[in-house]
Number of protein chains: 2
Amino acid sequence: MSHSEARERVLQAAERLFAERGYTAVTVKDIAAAAGIHHASLYHHAPDGKEGLFVEVMTRILERHRAGIADAVGAGGEDVRAQLHGIAAWMLSQPPMDMIRMALSDMPAIDAASANMLAALAFEAMIVPIVRVLYDARGRGELLQGDLGNIAGGIFSMLQGLHTLPEAYLERSRQEMANELIDVMLAGMKAR
Amino acid sequence: MSHSEARERVLQAAERLFAERGYTAVTVKDIAAAAGIHHASLYHHAPDGKEGLFVEVMTRILERHRAGIADAVGAGGEDVRAQLHGIAAWMLSQPPMDMIRMALSDMPAIDAASANMLAALAFEAMIVPIVRVLYDARGRGELLQGDLGNIAGGIFSMLQGLHTLPEAYLERSRQEMANELIDVMLAGMKAR
DNA sequence: GTCTATATAAAGATAGAC
DNA sequence: GTCTATCTTTATATAGAC
């Protein structure tokens with residue numbers, strides 16, 4: 001069971017669909033169809049069914065985010081602006097996700113223990129690194145004013161919003177828009 | 001059918017549940033239970049079923065937002081900061097909503113024409129007023145730099161993120177945190 | 001590993017009594 | 001206006017052939 005080409009196709013299809021539309025809006029038939037197999041065959045690769053599959057792929061996504069964001073932060077050296085632009089680039093390189101929907105809609109629909117685990121992992125993988133980048137910059141003497149936890153959450157929310165903005169509304173690349181929003185926030189933290 | 005106390009209970013229950021958890025995660029049984037009636041009785045008040053009810057209550061929510069935001073903008077006079085703080089106060093006074101989930105998950109699950117109508121109404125009711133507030137301030141000579149459409153979207157995303165942040169993570173009131181985020185953005189727009 | 005067939009349960013919806 | 005009863009459809013899941 002553990003590793004096969006077909007199983008990987010199932011996991012990738014599930015990742016994309018669950019991240020984009022959420023737990024309740026996606027059916028196992030949707031996933032099987034996207035993976036190119038009959039929905040009964042899906043249970044061969046995911047014996048714990050829809051909920052087990054959801055927990056597995058969300059864990060995978062969040063672990064990958066943690067690693068990708070950590071790399072982006074490292075590549076930014078000691079420049080908070082470069083670090084935040086790097087985090088934005090990483091997030092925009094991944095399938096869009098909606099943490100609000102995860103918290104409000106997906107989590108209540110699954111087993112409580114799994115929900116708590118995923119919520120903690122999401123916080124650790126995506127919010128904490130941004131908070132840390134801001135605190136480290138302040139620690140180096142940069143004049144970043146304000147409640148850094150609040151501001152980190154704000155930056156994260158803006159990046160997610162941008163990521164899921166329909167193409168039709170885009171005049172520039174998402175990366176350019178993300179960088180502008182980050183720059184406005186940084187300038188504001190210094191200016192107040 | 002048009003007006004009754006019971007129908008209003010159904011609409012209010014549907015508003016809260018749909019706005020919070022989304023179209024697919026809410027069942028008609030959930031709504032009926034929250035309204036204190038049997039789920040069969042719900043069809044007396046909502047003859048067009050779940051989808052008709054969803055379109056009706058989302059329209060209602062968005063119309064109310066349009067009016068509430070317009071009032072808040074008017075009450076802020078010609079002070080862009082007061083206007084944005086007022087918009088935040090209004091949004092925080094209403095049940096939390098998740099526009100990302102609406103776009104990615106709810107809209108694909110309903111009739112395309114209704115989806116387009118709701119998407120346009122949401123944009124008109126919630127994004128356009130913020131854009132207008134920023135452009136008007138710039139028109140009055142305030143030095144607001146940057147892509148105002150992009151920045152308006154960023155402010156909106158931050159407000160939604162804050163609104164749906166679980167109580168456990170709050171050290172201050174949401175209103176204080178929202179005002180801080182707005183102030184950082186404004187200072188950044190002036191400083192760059 | 002994948003399918004057909006089938007079981008089970010849940011959800012949306014309608015009919016009709018009260 | 002609300003209920004019980006019922007119908008239909010859809011979704012999750014399993015059994016077993018190939």
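Chain letters run A, B, ... following the sequence lines, proteins first and then strands; every chain starts at 1.
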Tell me the interatomic distance from [X], atom [atom1], to [N], atom [atom2], rounded to whole angstroms.
X	N	atom1	atom2	value
B:L42	D:dT4	CG	P	15 Å
B:K50	C:dA13	NZ	C1'	13 Å
A:H38	D:dT14	NE2	P	16 Å
B:I31	C:dA13	CD1	C1'	14 Å
B:L11	D:dG1	CG	P	13 Å
A:H44	C:dT4	NE2	P	17 Å
B:R7	D:dT2	CZ	P	12 Å
B:E51	D:dT9	CD	C1'	15 Å

Side-chain heavy atoms of [X] within contact of [Y], under 4.5 Å:
X	Y	answer
B:M102	B:M58	yes
B:E78	B:E142	no
A:N150	B:R172	yes

Legend entry - Check: A:H39 side chain, D:dA11 base, donor-acceptor under 3.5 Å: no
Given [N], is OP1 or OP2 found less than 4.0 Å from the side-chain N or O atoms of [X]?
X	N	answer
B:S41	D:dG1	no
B:S4	D:dG1	yes
A:Y43	D:dA13	yes

Inset, instruction - Taking only the side-chain heavy atoms of A:I37 (C-beta and beyond), determine which of C:dA11, D:dT12, C:dT2 contains the nearest atom. - result: C:dT2
Inset, instruction - Would you indicate what A:A40 reaches in the nucleic acid, counting non-hydrogen atoms under 4.0 angstrom: base, sugar-phosphate, or nothing? - result: base
Inset, instruction - Could you tell me which residues satisfy ring pair (Phe, Tyr, Trp, His ring centres under 6.0 Å) with A:Y135, sequence neighbours excluded, listed by chain and number? - result: none
Legend entry - Criterion side-chain hydrogen bond (donor to acceptor under 3.5 Å, both in side chains) on B:H39 and B:D30, from CA distance to verdict: CA-CA 8 Å; B:H39 75 274; B:D30 292 334; over 6 Å; no
